[in-house]
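Below, all heavy atoms of this structure are taken into account, side chains as well, without hydrogens, waters or symmetry copies. Note that the coordinates shown come from a computational prediction; the quantities given were computed from them, not determined experimentally. Per chain, numbering begins at 1; letters A, B, ... match sequence-line order.
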Amino acid sequence: MDLFEIEEPEWVQVEKKEPSKPSFLNDLNKEQRQAVETTEGPVLVLSGAGTGKTKVLTTRIAYILQQQKAMPWQILAVTFTNKASKEMKERLEKMIGADAFSVWLGTFHSIGIRILRKHGSLLGLESNFIVLDSDDQERLLKQMMQEAGVDIKKYTPAGLLDVIQRWKDKGLLPHQVTAMQNSGFCEGRALWFYERYQERLRSLNAVDFGDLLLLPLALFQSHPDVLQQYQKQFHYILVDEYQDTNVAQYLLLRLLAKGHGNICCVGDDDQSIYSWRGAEVENILSFQNVFPDALIIRLERNYRSTAHILGAASHLISFNQGRLGKTLKTADELQDAGEKVKVTGYWSGSQEAEKIIAQIINENKKGIRLSDMAILVRATFQTRQFEEVLIKSGVPYKIIGGFKFYEREEIKDAVAYLRLILNPNDDLAFLRVVNKPRRGVGPQALETLTKTAREKRISLFDAIAWAPLKPLLRKTLDGFISLIKQSQEKMQSAFPAEVVRFILNESGYIQMWKQDKSVESQGRVENIMELYTVLDDFKSIEEFIEYASLVTDVDDETSSDQLVVMTLHASKGLEYRHVYLPGWEEGLFPHQKALDESGESGLEEERRLAYVGITRARERAFISFASNRRMYGQTQNALPSRFVDELPKDHIILSPSLNKAFSMDMIEPAWSKGGFFEQNENAYFEKEPNYGNKSKWSRESLNTSDYEINSYNAYSTVPRQIRKSKRIGKRVHHELFGDGTVIKDAGDALEVSFDSVGVKKVKSAFLEELFT
DNA sequence: GGGTTGCCCGTTTTT
DNA sequence: CGGGCAACCC
């Protein structure tokens, strides 16, 4: 959709005028202006949180165009997310109008795909190649591993995929992986698998996400003429979120910028939180080594947060070593320092969730919109507790980071049907839908088909005609073929949405979900309806497939006022008036696994994550931790995160209950260092801290409400969620359906026989237990 | 071929 | 505690 669909316009002779300084420069501060006006040569803009990096990038593009230094299509601007590229495009359009659409502006991956569509044949790719998602990749690897007789319990496909992905991130094709870089994974056979995997992809005419960067790189390395073409085209290169680039991306950029060296990278080493995905902070740290004459500009003026919030975040991040170093300052020194960051301890994770939501409800009543507040968690499982409370309290909410639209089973199935219509030889799509809904095509039948396909070197779809099949199977598969053929015919005349509707109806796919009695099936049907709507925006199915393979979520611009709950990772680049940061406990945040696997550098990345979290807040930040957290079905004792200790006391305020427990001085000695609390005991509550005897933690103090949670009373009426065990036979109440008896436990939901409306399936969260 | 049971394992996840 | 998946049974 957004992916460079615009052809390069013809060159038009423009009347040469002496360019004047445009007015949009007046909106910039001194450093921002320098970053915009220094168009020639390498520039690294170290842009702290909230210092206006998107503004700098868009203004820089506008400036280059306004100064007539280049035509729009001679500018390459890359971002990481579709969201970021969309935002930049919109902002740019506001500044310069339709020219914005001629700029090569998009994600690294979308640019890679564009290059490969054009030149991929040089690497043996047909231009209609498909892009696999991680599910497809894993399934492929699993199959290969099983064929090779690997114990996939010991060595998981996901593990192998990870190893291969790391090689790709580093820009290494199989033959470029040295013995040194080989992995011990699977007795050192990972490289062998990598080689086979690439071959397999090629025979499927498919690439994976990593290939979208790796293959253009390989193309440039093996075909200097192609590289030269792009070097000549792009006079100016701009890169967003440079701290998140991996080696392959860095190499690509370096090749493209070779010559003029007009490359401007914007990033913040303190916000590098994706190293586990192959991002190399090293890229930003060593920018000056790679481009010795690089100009480095620091944007330190923060236009987002109050002084206390910045003070807390800055002090915390200062514990990290190896930073390029920046000090964020508020935009206006004279302005009110705002409110201190509030730190609270709770008895349990559920109490934490309830109190936070109660406070949010309260703030909402005082006029803060729900969409101005956010809850940012470390791990996705934390969202569940919040969701439960949100459902009960009726607060409109949205959880980001759960299942993405295009990752949903039903959407992927629908897309697979479309892929098959476009190209019946797409074996992966074939395998996905040939027995969905069930047509009686099981492993046995597939085995026969695969064998025939291999012998004749044809696709599975074509193999149907040749394979020795039993009459019944023959009939169903011939029917399947004719269904695809009919859809292809329909495609000639009908809109994409109609084609999907046709195939999903005729194949019985929709029916399959409508008949399914599980709780989710209703939602699945709704998602498919949503898909029809999305498809209306596309002119062709090809275009849609391309879009769907690069985009993970539909941007639903729901204007309705709702509260978001998301992971810290997902929050990067966003801002809210109030930000809640729950779960600051050792083991959860910093996450134990990060510490175990990456030691000190893992800890630093966790700390950067904390920094990202705090700096999302404009006016207020609330940090909290719980002493008891349910994990893996067990309640575990937890200690406050060391990051809590690292907060500067001048910029934080402890909640009343914590204040009772600690004098301000006590925060400094770091309670997590084990001084007076010992782990694995119910330390907070049963041990007497050995400092004075007036203040100590207690259940009572933690249970008292904190701050001004006045409307918390509304909360005491919240029904207790009914317990998982022995649900059947329980008498329950539902707001809409009235009273009833639980007759069946269906995992996430319960089947209840209601006295007045009969049997219904409902989520247990909507039920209140009746005690009779 | 399809449904059921029982066991294992458990971060973050831009494309 | 719960989801996902492989082995197992009908």
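Here A:Thr380 reaches the OP1 or OP2 of B:dT12: one of its side-chain N or O atoms lies under 4.0 Å away. One finds a side-chain N or O of A:Tyr632 lying less than 4.0 angstrom from the OP1 or OP2 phosphate oxygen of B:dT11. Within the structure, a side-chain polar atom (N or O) of A:Thr567 is placed less than 4.0 Å from OP1 or OP2 of B:dT13. For the OP1/OP2 pair of B:dT15 and a distance below 4.0 Å, the side-chain nitrogens and oxygens of A:Asn82 include at least one atom meeting the criterion. Phosphate contact (OP1/OP2 of B:dG2, side-chain N/O of A:Asn435, threshold under 4.0 Å): present. Put simply, A:Arg277 has no side-chain N or O that comes within less than 4.0 Å of OP1 or OP2 on B:dT15. Contact annotation: A:Lys142 side-chain N/O to C:dA6 OP1/OP2 distance is under 4.0 Å.
Looking at A:Glu605, its side chain never comes within 3.5 Å of a backbone N or O of A:Gly602 through a donor-acceptor pair.
Taking the charged nitrogens against the carboxylate oxygens, A:Arg166 and A:Asp169 do have a contact shorter than 4.0 Å, which makes a salt bridge. Between A:Lys53 and A:Asp268, no side-chain nitrogen of the basic residue sits less than 4.0 Å from a carboxylate oxygen of the acidic one, so the salt-bridge criterion is not met.
Nearest-nucleotide positions on DNA chain B for A:Ala445 and A:Leu609 put A:Ala445 closer to the 5' end.
Closest to the side chain of A:Trp276, out of B:dT13, B:dT15, B:dG3, is B:dT13. Between B:dT15, B:dT13, B:dT11, one nucleotide has an atom nearer to the side chain of A:His109 than all others, and that is B:dT15. Minimum atom distance to the side chain of A:Asp244 is reached by B:dT14, of the listed B:dT14, C:dG2, B:dG1.
The CG-P distance, from A:Leu568 to B:dT13, rounds to 9 Å in whole Å. As rounded to whole Å, 14 Å separates atom P of C:dG2 from atom CZ of A:Phe381. In this structure, A:Phe589 atom CZ and B:dT12 atom P are separated by 13 Å, rounded to whole Å. We find that CZ of A:Arg630 is positioned 15 Å from C1' of B:dG10, with the value rounded to whole Å. Computed from coordinates, the A:Leu161 CG to B:dT15 C1' distance equals 13 Å when rounded to whole Å. Between A:Met631 atom CE and C:dC1 atom P the separation is 16 Å, expressed in whole Å. When rounded to the nearest whole Å, the span between NE2 of A:His569 and C1' of B:dT13 equals 8 Å. Atom CZ in A:Arg139 sits about 14 Å away from atom P in C:dG4, given to the nearest Å.
A:Tyr197 and A:Asp208 share a donor-acceptor pair across their side chains, judged by distance under 3.5 Å alone.
A:Asp244 pairs in a side chain to side chain donor-acceptor pair (under 3.5 Å) with only one of the listed residues (A:Lys572, A:Arg277, A:Gln271, A:Gln249), which is A:Lys572.
You can call A:His591 stacked on the base of B:dT11; the centres are under 5.5 Å apart and the planes sit within 30°.
Within 4.0 Å (heavy atoms only), A:Glu606 reaches no atom of the nucleic acid at all. Across all strands shown, A:Gln165 has no heavy atoms under 4.0 Å from either base or sugar-phosphate atoms. Backbone-only contact: A:Arg438 has heavy atoms under 4.0 Å from sugar-phosphate atoms and none from a base. Using a 4.0 Å heavy-atom criterion, one finds that A:Tyr274 contacts the bases of the nucleic acid, with or without backbone contacts as well.
The aromatic rings of A:Phe538 and A:Tyr547 sit tilted relative to each other, their planes meeting at an angle between 30° and 60°.
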